[in-house]
There are 2 protein chains.
Amino acid sequence: MRSNESFASAIRLRGMKLTRQRQLILEVLESSRGHPDAEMVYAKAKERDPRIGFATVYRTLALLKQLGLAEEHNLGEGHGHFEAVDKTKPHFHFTCLKCGKVVEFVSPQILRTTQSLCEKKGLLVTDIHLHFSGYCRHCRPAGSECAEKP
Amino acid sequence: MRSNESFASAIRLRGMKLTRQRQLILEVLESSRGHPDAEMVYAKAKERDPRIGFATVYRTLALLKQLGLAEEHNLGEGHGHFEAVDKTKPHFHFTCLKCGKVVEFVSPQILRTTQSLCEKKGLLVTDIHLHFSGYCRHCRPAGSECAEKP
DNA sequence: GTAAATGCAAACCGTTTGCTGTACA
DNA sequence: TGTACAGCAAACGGTTTGCATTTAC
């Protein structure tokens with residue numbers, strides 16, 4: 001909940017209001033371990049505020065994205081998945097095409113390479129969405145050429 | 001149109017039929033320079049076959065994806081964009097958040113890093129979707145910290 | 001008190017599906 | 001000629017919007 005104060009100040013800075021629902025949705029997102037979609041956020045929020053509506057969830061998720069407190073990812077399901085941002089830990093996602101498992105990755109090297117590409121082309125990169133898909137250790141067809149190291 | 005024969009054989013191998021519409025949609029995709037969405041593909045196809053329908057476009061794009069002849073990308077617009085695959089040239093996309101321009105990237109280093117991550121975790125990667133967003137050279141706010149090299 | 005946000009339902013938009021007629025093999 | 005496909009329109013699912021009401025400030 002440490003981001004609650006920064007949320008409050010960012011909101012007030014813009015002349016917006018810190019409502020019960022907005023706080024709730026941020027809390028739901030921060031306490032979610034995985035990558036909930038809007039429906040899951042709605043369901044979890046509804047447990048604590050049965051009167052909350054879908055529109056509020058979507059509007060608040062959009063607001064959190066704008067404020068840099070949440071990220072939306074396309075994990076290959078055709079709809080958005082959300083995640084509270086921890087700026088100290090940028091990471092990427094792998095989705096198994098068979099079992100649907102999502103694995104998170106950290107790769108400082110990819111961040112570095114991206115930064116260097118950005119500099120070369122004069123681009124200011126604000127977001128990196130790197131999404132792998134394929135087959136995880138357990139769903140991989142036997143004899144596939146990607147060797148597993150012990 | 002060099003992929004037409006491989007398209008024909010791939011199709012026949014599966015007991016499917018090589019229709020006028022399927023050939024047309026592949027040709028439209030191959031002759032498109034950018035990253036058309038389904039609607040743009042439909043519009044271009046319709047110029048040459050006014051009776052073609054949306055369903056055929058979607059079904060054929062899905063087929064081309066399955067056969068590895070087309071890729072679908074999320075370029076941050078909330079709907080799919082398509083591209084004919086040139087297997088010799090895997091690349092990534094940057095979208096400018098202000099002017100919408102899409103820049104293509106090649107980075108063997110990122111491919112290598114990805115491959116190495118894949119090996120370490122025992123994952124078989126079949127697809128890499130790397131999408132940057134931010135501001136291009138012309139839309140970048142002045143004084144932004146990402147230095148441009150001459 | 002007043003501007004902004006909520007909740008509801010309807011609209012929206014990209015995509016998929018069921019069905020009947022058409023055309024490839 | 002038989003089977004897969006096309007075209008149409010209706011359904012679908014996720015998301016957005018308009019509007020009356022509520023709420024934070």
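We name chains A, B, ... by the order of the sequence lines, and we start the count at 1 in each one.
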Between D:dT15 (P) and A:Glu77 (CD): distance, integer Å: 11 Å
A:Leu61 with A:Phe54, same ILVMFWY side-chain cluster at under 4.5 Å: yes
Working for side chain to side chain donor-acceptor pair (under 3.5 Å), residues A:Glu77 and A:His35: CA-CA 12 Å; A:Glu77 283 186 40; A:His35 307 86; over 6 Å; no
Rounded distance (Å) that lies between atom P of C:dC24 and atom CG of B:Leu24: 13 Å
For atom NZ of A:Lys46 and atom P of C:dC8, their distance in whole Å: 6 Å
Look for any protein N or O under 3.5 Å of an N or O in nucleotides 23-25 of chain D and output each such pair with its distance, or none.
residue, atom, partner, partner atom, Å
D:dA24, N3, A:Lys17, NZ, 3.0
D:dC25, OP1, A:Arg12, NE, 3.4
D:dC25, OP1, A:Arg12, NH2, 3.3
D:dC25, OP1, A:Leu18, N, 3.2

Separation of atom CG in A:Leu61 from atom C1' in D:dG14, rounded to whole Å: 13 Å
Shorter than 3.5 Å, N or O on both sides, protein versus nucleotides 15-17 of chain C: list them out with atom names.
residue, atom, partner, partner atom, Å
C:dT15, OP1, B:Gly80, N, 3.1
C:dT15, OP2, B:Tyr58, OH, 2.3
C:dT15, O5', B:Tyr58, OH, 3.2

Side-chain ion pair, B:Arg48 and B:Glu27, N-O less than 4.0 Å: yes
Integer-rounded Å distance: D:dT15 P and A:Tyr42 OH: 14 Å
Closest contact, heavy atoms only, B:Phe132 versus A:Leu117: CZ-CD1, 4.4 Å
Closest non-hydrogen atom pair, B:Leu111 against B:Pro90: CD1-CG, 3.6 Å
Spacing of A:Leu63 atom CG relative to C:dA5 atom C1', expressed in whole Å: 11 Å
For the student: nearest non-hydrogen atoms of A:Arg140 and A:Tyr135, plus distance: CA-CB, 3.8 Å
Working for side chain to side chain contact (heavy atoms under 4.5 Å, CB included), residues A:Lys121 and B:Phe105: CA-CA 10 Å; A:Lys121 302 230 180 188; B:Phe105 275 93; 3.8 Å; yes
Distance, rounded to the nearest Å, where B:Ile52 contributes CD1 and D:dG7 contributes P: 5 Å
Option passing side-chain contact (heavy atoms from CB on, under 4.5 Å) with B:Phe82 (candidates B:Met40, B:Glu71, B:His73, B:Lys65): B:Lys65
Among B:Glu39, B:Lys46, B:Lys44, the one residue meeting side chain to side chain donor-acceptor pair (under 3.5 Å) with B:Tyr42: B:Lys46
Rounded distance (Å) that lies between atom C1' of D:dG14 and atom CG of A:Leu75: 15 Å
